Amino acid sequence: MTRSTVDFHFDPMCPFAYQTSVWLREVRDRIGITINWRFFSLEEINRFEGKKHPWEREWSYGWSLMRIGATLRRRGMGHLDTWYARIGEALHMRGEKPHDPAVARQLLDDPGVFDEAINDPTTHDEVKADHQRVVDAGGFGVPTLFFEDGQTLFGPVLVDPPKGQDAVKLWHVVTGMADLPHVYELQRPKSPADQHLIAQHLRPYLDGRDWVSVNRGEIVDFSGGTA
């Protein structure tokens, strides 16, 4: 099956989703696929009993950034595309703190979008709807991909995103798996060398985060938040 459109669900705080987004942008540049950016909250999916939901807080790291993203998406997918790339580079490449409200405002071309998003309760609804779509499909994290025929995949999880023809080759691997709906999992064991490589690539994220990541088996909460 030829696939030319993908919905990419992300939490802006997740370093693995960011790496996958870099790869998908490369694929788009090479073969012209369409990427629809959608949201998912690791903070909500991994919320501990008694902890506030992210929409109950005045500011919540990943959730509030996605509310800004929702406002930008209403103006056009390209605006969200630029925003995600910008805040992703800030946190995951430079170790900066786009989840700080002052920094988030500075990273916007139009700082007024910040207040527009945070003062509009319907941006909560928009993020919730995207998040629930993944949950309803049985998803638990990001990156999660939805294709036009309804096939859904978690991943690919990677660091050092491939470029050029290698990026296209990975696209064919991923879409080929989507063509086989009863293939549920394919995973590469991580050797000590792999763990070291991953830690090196996550260094900017680890420097920039202001929260403790939660690891529940295979699920890691990279979102954080403020009470």
Side-chain angles (χ1 to χ4, degrees), residues 1-42 62 65-94 96 98 104 107-110 113 126-127 129-131 133-134 137 139 141-181 183 186 188 198 201-202 204-205 222:
M1 180 181 294
T2 299
R3 299 179 186 273
S4 60
T5 301
V6 61
D7 290 359
F8 181 91
H9 286 256
F10 69 95
D11 184 314
M13 300 293 93
C14 179
F16 296 114
Y18 172 72
Q19 295 290 337
T20 305
S21 76
V22 172
W23 160 69
L24 265 186
R25 292 173 189 276
E26 176 75 6
V27 175
R28 181 177 62 188
D29 290 345
R30 292 281 170 175
I31 63 174
I33 65 168
T34 297
I35 306 170
N36 296 317
W37 303 104
R38 306 285 293 266
F39 308 118
F40 181 82
S41 175
L42 288 168
L65 289 178
M66 288 186 284
R67 293 181 66 197
I68 294 170
T71 298
L72 290 168
R73 188 170 63 184
R74 293 172 184 177
R75 299 184 177 190
M77 192 65 73
H79 294 284
L80 175 54
D81 187 294
T82 299
W83 167 245
Y84 181 32
R86 187 174 297 166
I87 61 176
E89 289 171 8
L91 174 60
H92 303 297
M93 301 301 291
R94 301 193 297 272
E96 297 171 3
L107 288 171
L108 285 162
D109 290 328
D110 176 4
V113 171
E126 199 161 324
V127 177
D130 277 7
H131 175 87
R133 183 194 191 199
V134 177
V142 288
T144 295
L145 311 179
F146 282 76
F147 295 99
E148 294 167 283
D149 62 345
Q151 292 301 313
T152 307
L153 294 176
F154 172 73
V157 177
L158 48 86
V159 296
D160 194 17
K163 300 182 184 301
Q165 287 305 308
D166 284 343
V168 177
K169 182 186 298 184
L170 178 56
W171 173 253
H172 291 319
V173 169
V174 171
T175 55
M177 185 167 176
D179 288 342
L180 301 168
V183 177
L186 177 68
R188 185 192 306 274
I198 292 168
H201 281 274
L202 294 190
Y205 156 78
F222 292 109

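The structure displayed is predicted, hence computed values, not measured ones.
Figure legend: cation-pi geometry between R38 and F146 absent, as NZ or CZ is not positioned both under 6.0 Å from the six-membered ring centre and within 45° of its axis.
Considering F16, F39, Y18, F40 in turn, F40 is the only one that fulfils the side chain to side chain contact (heavy atoms under 4.5 Å, CB included) rule with V142.
Under the side-chain contact (heavy atoms from CB on, under 4.5 Å) criterion, R75 pairs with H79, D110, V113, E116, not counting sequence neighbours. Not counting sequence neighbours, the partners of W37 by the ring pair (Phe, Tyr, Trp, His ring centres under 6.0 Å) test are F8, Y84. Among residues two or more places apart in sequence or in another chain, the side-chain contact (heavy atoms from CB on, under 4.5 Å) test is passed with A129 by none.
The environment of CG in L180 is crowded: more than 12 heavy-atom neighbours from other residues, nucleotides or ligands sit within 6.0 Å.
No side-chain heavy atom of S21 sits less than 4.5 Å from a side-chain heavy atom of F10.
A salt bridge is absent between D29 and K163: the closest approach of a Lys/Arg side-chain nitrogen to an acidic carboxylate oxygen does not fall below 4.0 angstrom. A salt bridge does not link R73 to D81: none of the charged nitrogens lies less than 4.0 Å from a carboxylate oxygen. With respect to the salt-bridge test (charged N to carboxylate O, under 4.0 angstrom), the residues R67 and E126 do not qualify.
Closest non-hydrogen pair, P156 versus L145, comes out as CD-CD1, 4.3 Å. Taking every heavy atom of both residues into account, R30 and V168 meet most closely at CB-CG2, 3.7 Å.
Between the R86 side chain and the L107 main chain, a donor and an acceptor come within less than 3.5 Å of each other.
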